[in-house]
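Here is the structure we will look at, set down as structure tokens.
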Amino acid sequence: MRIMLGGTIKELRKRDGRTQDDLATALGITSQAVSRWEANKAYPDMEMIPAIANYFHVSIDELFGYNNDRESTLSRYIEKANKLLKPEAVPDKKQLKRHEQFLREALSEFPNEWHLQERLAMILSIIASTEKRKKNETDALKEAAKLYEQAYKNSDDVHMKELIHSSLIRVLDSLRDYQKIEEIALQSSSISSSREVVRTAMVHDSKHDQYVSEAFLAMLHQLTELLAMNFEHFAAANNPDIYLSLVMLYKSTFEDGN
């Protein structure tokens, strides 16, 4: 048990980018004591165990290496979370509150799980749209933005990171936090660096024609989304030609008219 605990503390400390001094300061002990724990030469006092678990945002069971039950529980939580919002049904306020409560309880047990963070952020975004009081709406959106940022940081799924980023930007737009959106834009890749465009540089690759087609379609769909997102801007300019041109571009691209 001692070996498992010492190794777990060391792994969690490195996971979070913490030093032995950081942990020692947080617990009010010396860094030498932490070093002895990790070297399995000593064992933390039992009353200190909850503080160590809290510092790393894990349960005491997880600190001692009892992960099988937790993994099973987490899988059930994620499965349930993914089923909360069904496309064919619009949840009412009571359902949204139940969803919110479930996700908050799940996150209290698994505070760094991005699936749960992303789902709660989505629920809060929907709740915000139903709020009549401006302060309640703003508070819900701010928490949603924070959760989306955490989910983006914790996720290792490239596709989901893109979707999370898009959701975050929509929430920031609702908050009119344009400075944060600008920061995200400056940290993002340019169009010329996108995977679709980069692949087209492989001229002699057997998939070159496929990559060119995929890049063109991606650009076309992105242009459509850009126009849809900024409809009021183009409508104010009273310029229907740009929409007609887009229709013709789609028509020439898909010769079957579909």
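All values reported here derive from a predicted model rather than from experimental measurement.
Under the salt bridge (Lys or Arg N to Asp or Glu O under 4.0 Å) criterion, no residue pair touches residues 221-240, with sequence neighbours excluded. Pairs of residues two or more places apart, or lying in two chains, that qualify as ring pair (Phe, Tyr, Trp, His ring centres under 6.0 Å) and include a residue from residues 122-159 are Y152-H165. Note on residues 141-169: pairs passing salt bridge (Lys or Arg N to Asp or Glu O under 4.0 Å), not counting sequence neighbours, are R104-E143, E149-K180, E162-R195.
Here K132 does not pair with E137 in a salt bridge; the nearest charged N to carboxylate O distance is not below 4.0 Å. Using a 4.0 Å cut-off between a side-chain N of Lys or Arg and a carboxylate O of Asp or Glu, E79 and K83 qualify as a salt bridge.
In this structure the side chain of E100 reaches within 4.5 angstrom of the side chain of L124, judged on heavy atoms. The closest side-chain heavy-atom distance from I49 to L5 is below 4.5 Å. Residues E109 and Y77 are in side-chain contact: their nearest non-hydrogen atoms beyond the backbone lie under 4.5 Å apart. Using a 4.5 Å heavy-atom threshold, the side chains of Y178 and D173 count as touching. Using a 4.5 Å heavy-atom cutoff, the side chains of F56 and I52 are in contact. Annotation: side chain of V58 is not in contact with side chain of F110 (no heavy-atom distance under 4.5 Å). A 4.5 Å side-chain heavy-atom check between D177 and I181 finds every atom pair outside the cut-off. For the pair E196 and Y211, the minimum side-chain heavy-atom distance is 4.5 Å or more.
S72 and R76 share a side-chain donor-acceptor pair at under 3.5 Å. The closest side-chain donor-acceptor pair between Q117 and E113, if any, does not fall under 3.5 angstrom.
No side-chain donor-acceptor contact under 3.5 Å links D22 to the backbone of R18. Within the 3.5 Å criterion, the main-chain N or O of P50 finds no donor-acceptor partner in the side chain of N54. Counting only distance, with no hydrogens or angles, the side chain of S188 and the backbone of I184 share a donor-acceptor pair below 3.5 Å. Judged by distance alone, the side chain of S252 and the main-chain N or O of M248 form a donor-acceptor pair under 3.5 Å. A side-chain donor-acceptor contact under 3.5 Å links S125 to the backbone of A121. T224 contributes a side-chain N or O that, together with a main-chain N or O of L220, makes up a donor-acceptor pair within less than 3.5 Å.
In the hydrophobic cluster analysis, where Ile, Leu, Val, Met, Phe, Trp and Tyr join through side-chain heavy atoms closer than 4.5 angstrom, F234 is grouped together with Y250. Hydrophobic clustering (side-chain heavy atoms under 4.5 Å, transitive across Ile, Leu, Val, Met, Phe, Trp, Tyr) keeps I242 apart from V247. Cluster annotation: L226 is not connected to L244 through the hydrophobic network of ILVMFWY side chains, with a link wherever side-chain heavy atoms come within less than 4.5 Å. Linking ILVMFWY side-chain heavy atoms closer than 4.5 Å, directly or via other members, places L186 and I169 in two distinct hydrophobic clusters. No continuous path of ILVMFWY side-chain contacts below 4.5 Å connects L163 to M229, so the two sit in separate hydrophobic clusters.
Residues meeting the side-chain contact (heavy atoms from CB on, under 4.5 Å) test with K94, sequence neighbours left out: D92, R98. In this structure, the side-chain contact (heavy atoms from CB on, under 4.5 Å) partners of D45, at least two apart in sequence or on a different chain, are E47.
The CZ atom of R119 sits 12.5 Å away from atom CG of L107, with the distance rounded to the nearest 0.5 Å. In this structure, OG1 on T8 lies 6.5 Å from CG on L63, to the nearest 0.5 angstrom. We find the NE2-OG distance between H208 and S206 to be 11.5 Å, quoted to the nearest 0.5 Å. Interatomic distance, R199 CZ to D205 CG, rounded to the nearest 0.5 Å: 10.0 Å. Taking NZ from K134 and CG from D139, the interatomic distance works out to 11.5 Å, rounded to the nearest 0.5 Å.
With side-chain heavy atoms closer than 4.5 Å counting as contact, directly or through intermediates, the hydrophobic cluster containing I191 also holds V197, M219.
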Before you tell me yes or no, could you show the steps for Q210 and E214 under side-chain hydrogen bond (donor to acceptor under 3.5 Å, both in side chains), namely the whole-Å CA-CA distance, both residues' side-chain angles and the distance that decides it to 0.1 Å? CA-CA 6 Å; Q210 173 189 335; E214 290 176 354; 2.9 Å; yes

